[in-house]
There are 2 protein chains.
Amino acid sequence: MAIEMVTETAGKDVTDMLRNAGLRPTRQRVSLAELLYSKGDRHLSAELLHEEAVAADVPVSLATVYNTLHQFTEAGLLREVAIEGNKTYFDTKVSDHHHFFIEGENKVIDIPGEGVGIGELPAIPEGMEVVHVDVVVRLRKKS
Amino acid sequence: MAIEMVTETAGKDVTDMLRNAGLRPTRQRVSLAELLYSKGDRHLSAELLHEEAVAADVPVSLATVYNTLHQFTEAGLLREVAIEGNKTYFDTKVSDHHHFFIEGENKVIDIPGEGVGIGELPAIPEGMEVVHVDVVVRLRKKS
DNA sequence: ATTTGTGCAAATCGTTTGCATCTGA
DNA sequence: TCAGATGCAAACGATTTGCACAAAT
């Protein structure tokens with residue numbers, strides 16, 4: 001019953017979140033949003049989210065997952081993290097922060113708190129402005 | 001004539017560079033290496049290098065360009081920079097440094113000198129070691 | 001009713017691979 | 001000679017798109 005409440009509440013939150021973002025709260029979008037936001041900060045690929053959705057008896061097509069992820073990103077609900085060559089990861093935490101990347105495991109982890117301080121920004125070229133600073137600390141298992 | 005000399009010299013350097021790296025200085029590899037290293041530090045995709053090669057009357061296949069880029073990378077002559085989702089960029093500057101990325105133009109630029117200082121590294125998770133720290137400062141044209 | 005979203009399958013893009021053919025030491 | 005390199009075309013994985021169908025306002 002507590003679980004029911006949580007689920008309902010999450011559903012409501014998510015519905016509002018979508019509406020506020022100007023996105024129709026369709027079955028699929030609500031379900032995907034719940035998967036994305038009900039487990040803390042996450043970093044996932046479209047493929048992985050699709051698998052989770054199917055596993056959760058929310059059969060969405062992979063195409064819709066891609067569409068949805070991009071719509072969420074445009075709406076500012078997600079951030080794309082470019083860390084690795086071919087695969088795209090989406091980060092449910094949109095505020096400023098940086099990442100660890102575990103090589104070999106292809107795993108992305110938030111760097112907690114203000115873990116990294118950029119000493120000073122370099123001179124920005126003429127007529128340009130900074131959109132974002134990404135720091136990726138690549139890790140491997142100690143040998 | 002000055003140009004001839006430069007070309008020959010570059011060819012020689014490049015041949016040695018390849019030999020030292022344990023790579024046979026074949027026609028294609030020498031040509032690609034010259035394109036890569038005769039214009040200062042560069043950041044290019046396989047596709048772009050292939051186009052340059054063809055334009056320079058060095059018809060290599062795209063597959064060979066890919067192979068070559070990876071061999072050079074393994075040999076430590078290039079570095080792969082993961083900046084953007086789908087495309088892979090190779091950096092002819094292998095020493096430690098960071099990058100500007102111009103959004104919209106898909107252009108990668110070295111941050112000169114010690115432009116960026118990482119204040120302090122965050123706590124590294126148990127049993128892990130840092131392979132590399134990548135900093136990407138994303139820029140857009142000021143509006 | 002109208003507009004917007006969804007699913008499927010086919011198309012695309014970047015990259016890799018298998019294999020027959022060439023080439024450098 | 002002959003291991004190693006190349007080219008081509010086909011294979012591939014991730015992502016996208018076109019279009020008929022379904023659902024939300």
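Naming: A, B, ... by sequence-line order, numbering from 1 per chain.
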*Asks:* Any carboxylate oxygen within less than 4.0 angstrom of a Lys/Arg side-chain nitrogen, looking at D110(A) and R42(A)?
*Replies:* no
*Asks:* OP1 or OP2 of dA5(D) sitting under 4.0 Å from any side-chain N/O of R29(B)?
*Replies:*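 Indeed, a polar side-chain atom of R29(B) lies that close.
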*Asks:* Please tell me which of A63(A) and E47(A) maps to the more 5' nucleotide of DNA chain D, matching each residue to the nucleotide holding its nearest heavy atom.
*Replies:*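 It is E47(A) whose nearest nucleotide is closer to the 5' end.
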*Asks:* From the list dT16(D), dT17(C), dT15(C), which nucleotide is the closest neighbour of the side chain of N67(B)?
*Replies:*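 The answer is dT17(C), which lies nearest to the side chain.
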*Asks:* Between L48(A) (CG) and dG13(D) (P), how many Å, whole number?
*Replies:* 18 Å
*Asks:* Any salt bridge linking E129(B) with K141(A)? Criterion: basic side-chain nitrogen under 4.0 Å from a carboxylate oxygen.
*Replies:* no
*Asks:* OP1 or OP2 of dT15(C) versus the side-chain N and O atoms of T88(B): is any pair under 4.0 Å?
*Replies:* yes
*Asks:* Under the criterion side-chain contact (heavy atoms from CB on, under 4.5 Å), I'd like the reasoning laid out for V135(A) against H99(A): C-alpha separation, chi angles, the key distance, then a yes or no.
*Replies:* CA-CA 6 Å; V135(A) 177; H99(A) 298 101; over 6 Å; no
*Asks:* Considering only side-chain heavy atoms of A46(A), which listed nucleotide, dT15(D), dA5(D), dT6(C), is closest?
*Replies:*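 Out of dT15(D), dA5(D), dT6(C), the nucleotide with an atom closest to A46(A)'s side chain is dT15(D).
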*Asks:* Atom CZ of R19(B) to atom P of dG4(D): distance rounded to whole Å?
*Replies:*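 One finds 16 Å between P of dG4(D) and CZ of R19(B), rounded.
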*Asks:* Rounded to the Å, how far apart are N86(B) CG and dT16(D) C1'?
*Replies:*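 From N86(B) CG to dT16(D) C1': 11 Å.
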*Asks:* Tell me whether the OP1 or OP2 atom of dG7(D) has a side-chain N or O from Q28(B) closer than 4.0 Å.
*Replies:* yes
*Asks:* Want to settle it: does T64(B) or R24(B) sit nearer the 5' end of DNA chain D, counting the closest nucleotide to each?
*Replies:*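 The residue whose closest nucleotide sits nearer the 5' end is R24(B).
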*Asks:* Classify the nucleic acid contact of H70(A) as base, sugar-phosphate or nothing, counting any heavy atom under 4.0 Å across all strands shown.
*Replies:*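 Touches sugar-phosphate only.
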*Asks:* When you get a sec, tell me which of dC8(C), dT25(D), dT15(C) is the closest nucleotide to the side chain of S61(A)?
*Replies:*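 Nearest to the side-chain atoms of S61(A), counting from C-beta on, is dC8(C).
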*Asks:* Whole-Å distance between dT15(C) P and L44(B) CG?
*Replies:* 12 Å
*Asks:* Are OP1 or OP2 of dT16(D) and a side-chain N or O of Y66(A) less than 4.0 angstrom apart?
*Replies:*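 No, outside the criterion.
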*Asks:* Would a distance-only check, ignoring hydrogens and angles, find a side-chain to backbone donor-acceptor pair under 3.5 Å from R138(B) to V130(A)?
*Replies:*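 No, the answer is negative, given that no donor and acceptor are paired below the 3.5 Å cut-off.
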*Asks:* What's the CG-C1' distance between L69(B) and dG14(C), to the nearest Å?
*Replies:* 13 Å
*Asks:* Just how far, in rounded Å, is P of dC13(C) from CG of N106(B)?
*Replies:* 15 Å
*Asks:* Rounded to the nearest Å, what distance is computed from the CG atom of residue L62(B) to the C1' atom of nucleotide dC8(D)?
*Replies:*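 Going from L62(B) (CG) to dC8(D) (C1'), I get 11 Å.
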*Asks:* Among V136(A), D134(A), T88(A), D91(A), exactly one meets side chain to side chain contact (heavy atoms under 4.5 Å, CB included) together with V81(A). Which residue is that?
*Replies:*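 Testing V81(A) for a side chain to side chain contact (heavy atoms under 4.5 Å, CB included) against V136(A), D134(A), T88(A), D91(A) leaves exactly one candidate, D91(A).
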*Asks:* Please give, in whole Å, the distance from dA25(C) P to R27(B) CZ?
*Replies:* 10 Å
